[in-house]
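Lettering follows sequence order; numbering is per chain, from 1.
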Amino acid sequence: MIDIRLARERPDWVKAQLAKTGVDGAEVDRLLGCEARRRSLKQELDRMRAERTRESRALGALGPAEREARRAAMRALGERIGALERELAQAEGEFQTLILGLRNIPRPDVPEGGTEADNQVVRSEGAPPQFSFEPRPHWELGERLGIIDFERGVKLAGTRFYVLLGEGARLERALIAWMLDLKTGAQGYTEVWPPLMVNSAAATGTGHLPRFRDTMYRDAEEDFWFIPTAEVPLTNLYRDEIVDVARLPIYLTAYTPCFRREKMSAGRDVRGIKRGHQFDKVEMVKLTRPQDSDRELLGLVEDACEVCRRLGLSFRVVRICSGDLGFASAATYDIEAWAPGLGEWLEVSSCSNCTDFQARRAGIRFRPEKGAKPEFVHTLNGSGLGLPRTLIALLENGQREDGSVVIPEVLRPYMGGKSAIEMPRQ
RNA sequence: GGAGAGGUGGCCGAGUGGUCGAAGGCACCAGAUUGCUAAUCUGGCAUACGGGAAACCGUAUCGAGGGUUCGAAUCCCUCCCUCUCCGCCA
């Protein structure tokens, strides 16, 4: 959530910043109006409670007869306090709804723009492969190789599910193991194996609740939400804690399956493995001091690029414009890998600086120095990478005319030394 | 799932209706002191919100939420969590 004090002190500035993301200034006005009402209610309530405390203590010292005489008046005061408390609770609830529903403020250097079309390609790396034949899409390659089974995925679960088989399953496992080795090795992240279900508090901490409850799967009876990304458990690891400043920055990584309803994307990307209800991802999360987060975002992007680079993929880095930023993000870079079969750039990673937005929601703080007041950390997250789209890029880039697929050098030790996935014998 | 015990400040731990935000201890910070690498003494030391230029003041917070009461850490109800034992299970 945003800093309500900032909004109170510089409402015009906050409105101007949020306007860049498409937020109507009236929303900020509503929030401030509600906050003012809440504050004045609290002030009046504080006065009345102070009176009650004072009088009650005096009563305690009195004899039974006098106490009895004043009881009615005190009771009336208690009832007025109760009424005011209910009123305050309602205002407080409204305020929480509003502030939890308001998105993060973009960093000042984020390019302004309304939609995806205004995103900027920052740089490109790696030449796209040239084919002497028409490159096939991954679903064709996967089915012919017998490593992706769409029909049986539908049989088991439904549309948007698939099954990886044989070398396909092995390749997925190889990618996970290799990526984690890279993250935990040269890149210095600490590996985490978190719960795949989290409670509402955690889902609220990262900004997924309350606004995006429709996008998550949940347990019907208990307060469990299937994680849409490992960002949720990783960022919430230190929820309601004051982390030792000497430990910052904290780098975390985890491989997890991710679960998304994809209701909003009905009809989009229905073919292939680009968008499923369940997918694997290796995620990176950083907790940093506020003054370090801009620099750490660049490092995060670089850590994701390095995965593409070592896989031999052709990729580009895209700076997301203000209007296309995610809810919690103040600055985002996407990394897109070229998929020659699909003929499109695939978002394989999205790296964001969420500044103090999530830290405020989740209560993650640090003490800059001994005796100083705790401040909110900055949180960052990025995919390193999303597995299905990486798999698409590998299959489509590595394909040969006979339908076999070359395995990148770095993955071969994880694939039993194999250098290619060959077509099955008829 | 059943039975029992328990959840109090950074930690340990007292407190069973009234100046209790909460004794005491540990840890921490400041000062004093001692000729020795630490001891002793004194003082300070929760968080959030609101008001105030500030000193400071007010309110809330003793797992969470309700209730009783003039007044609740303390009594009642519901829920959550932890521990022990039993059952069940990968």
Side-chain angles (χ1 to χ4, degrees), chain A residues 1-9 11 31-100 193-205 209-210 218-225 233 236-248 257 356-377:
Chain A
M1 66 184 83
I2 67 163
D3 182 357
I4 189 63
R5 279 208 191 126
L6 181 67
R8 249 165 68 187
E9 284 162 18
L31 177 72
L32 288 173
C34 184
E35 201 276 334
R37 200 162 60 248
R38 180 188 71 148
R39 194 147 33 95
S40 77
L41 279 172
K42 176 152 191 318
Q43 282 171 22
E44 197 185 338
L45 186 59
D46 281 356
R47 275 195 300 275
M48 289 172 71
R49 287 209 269 226
E51 187 187 339
R52 177 177 68 183
T53 304
R54 209 169 44 242
E55 295 295 315
S56 279
R57 281 184 181 157
L59 265 194
L62 293 176
E66 282 177 290
R67 196 181 294 176
E68 201 55 45
R70 297 173 68 174
R71 181 165 287 161
M74 290 304 292
R75 195 184 176 94
L77 177 62
E79 273 161 16
R80 274 187 292 145
I81 288 174
L84 210 55
E85 276 172 340
R86 281 188 290 279
E87 212 177 321
L88 177 64
Q90 200 196 332
E92 180 64 36
E94 267 172 54
F95 173 73
Q96 284 301 319
T97 301
L98 288 175
I99 198 163
L100 287 176
W193 198 277
L196 303 181
M197 295 191 279
V198 296
N199 56 32
S200 295
T204 304
L209 284 180
R218 61 177 187 277
D219 185 280
E221 291 170 16
E222 314 230 30
D223 183 30
F224 291 142
W225 299 82
N236 278 284
L237 265 188
Y238 297 100
R239 179 157 51 87
D240 292 328
E241 291 188 30
I242 297 177
V243 293
D244 184 355
V245 66
R247 293 185 55 198
L248 297 177
D356 61 356
F357 184 82
Q358 295 179 323
R360 261 176 213 288
R361 289 171 162 252
I364 311 169
R365 298 180 294 171
F366 74 104
R367 219 180 282 280
E369 49 196 276
K370 262 205 171 97
K373 272 189 71 148
E375 289 178 30
F376 292 107
V377 301

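- Put simply, CG on A:Asp223 is 11 Å from P on B:rC80, counting in whole angstrom units.
- Taking atom C1' on both B:rA73 and B:rG63, the two are 12 Å apart, rounded to the nearest angstrom.
- As judged by a 4.0 angstrom heavy-atom cut-off over every strand, A:Arg8 is placed among residues touching the sugar-phosphate backbone only.
- Of the candidates B:rG50, B:rU59, B:rU69, B:rU69 carries the atom nearest the A:Arg75 side chain, counting heavy atoms from C-beta on.
- Note on A:Arg365: only backbone sugar-phosphate atoms sit closer than 4.0 angstrom, heavy atoms only; bases stay farther off.
- For the residue pair A:Ala359 and A:Val377, the shortest heavy atom distance occurs at CB-O, 3.2 Å.
- Rounded to whole angstrom, the span from the CG atom of A:Asn199 across to the P atom of B:rC79 amounts to 19 Å.
- Taking atom C1' in both B:rG58 and B:rG21, one finds a spacing of 14 Å when rounded to whole Å.
- Nucleotides B:rC80 and B:rG87 have their P atoms positioned 24 Å apart, rounded to a whole Å.
- A salt bridge between A:Arg49 and A:Glu85 is present, with a side-chain N of the basic residue lying under 4.0 Å from a carboxylate O of the acidic one.
- Checking B:rG1 for Watson-Crick or G-U wobble geometry (two distances, each under 3.5 Å) identifies B:rC86 as its partner.
- Between B:rG66 and B:rU61, the two P atoms lie 11 Å apart (nearest whole Å).
- Remark: of the listed residues A:Arg71, A:Arg75, A:Arg70, A:Arg70 is the sole one forming a salt bridge (charged side-chain N to carboxylate O under 4.0 Å, His left out) with A:Glu55.
- Comparing the C1' positions of B:rG9 and B:rG2 gives an interatomic distance of 35 Å, to the nearest angstrom.
- Whole-Å rounding puts the A:Met74 CE to B:rG71 C1' distance at 7 Å.
- In this entry the distance linking CD1 of A:Ile81 with C1' of B:rA60 reads 13 Å, nearest Å.
- The shortest distance between the side-chain N/O atoms of A:Arg52 and the OP1/OP2 oxygens of B:rG58 is not below 4.0 Å.
- Across all strands shown, A:Arg5 has heavy atoms under 4.0 Å from sugar-phosphate atoms exclusively, and none from any base.
- Spacing of C1' atoms, B:rU16 relative to B:rA23, comes out at 16 Å, to the nearest Å.
- Across every strand in view, B:rC26 sits in a pair with B:rG10 that passes the Watson-Crick or G-U test at under 3.5 angstrom.
- Between A:Glu51 and A:Arg47 no salt bridge is recorded (no basic side-chain N to carboxylate O distance below 4.0 Å).
- On the C1' atoms, B:rC62 is 12 Å away from B:rA14, given to the nearest whole Å.
- A:Gln43 comes within 4.0 angstrom of sugar-phosphate atoms only, judged by non-hydrogen atoms across all strands, and of no base.
- Closest contact between the side chain of A:Arg57 and the listed nucleotides B:rG50, B:rU59, B:rG21 involves B:rG21.
- Taking the P atom of each, B:rA27 and B:rC11 are spaced 16 Å apart, rounded to whole Å.
- Closest to the A:Ser56 side chain, of the nucleotides B:rU59, B:rG51, B:rG18, is B:rG18.
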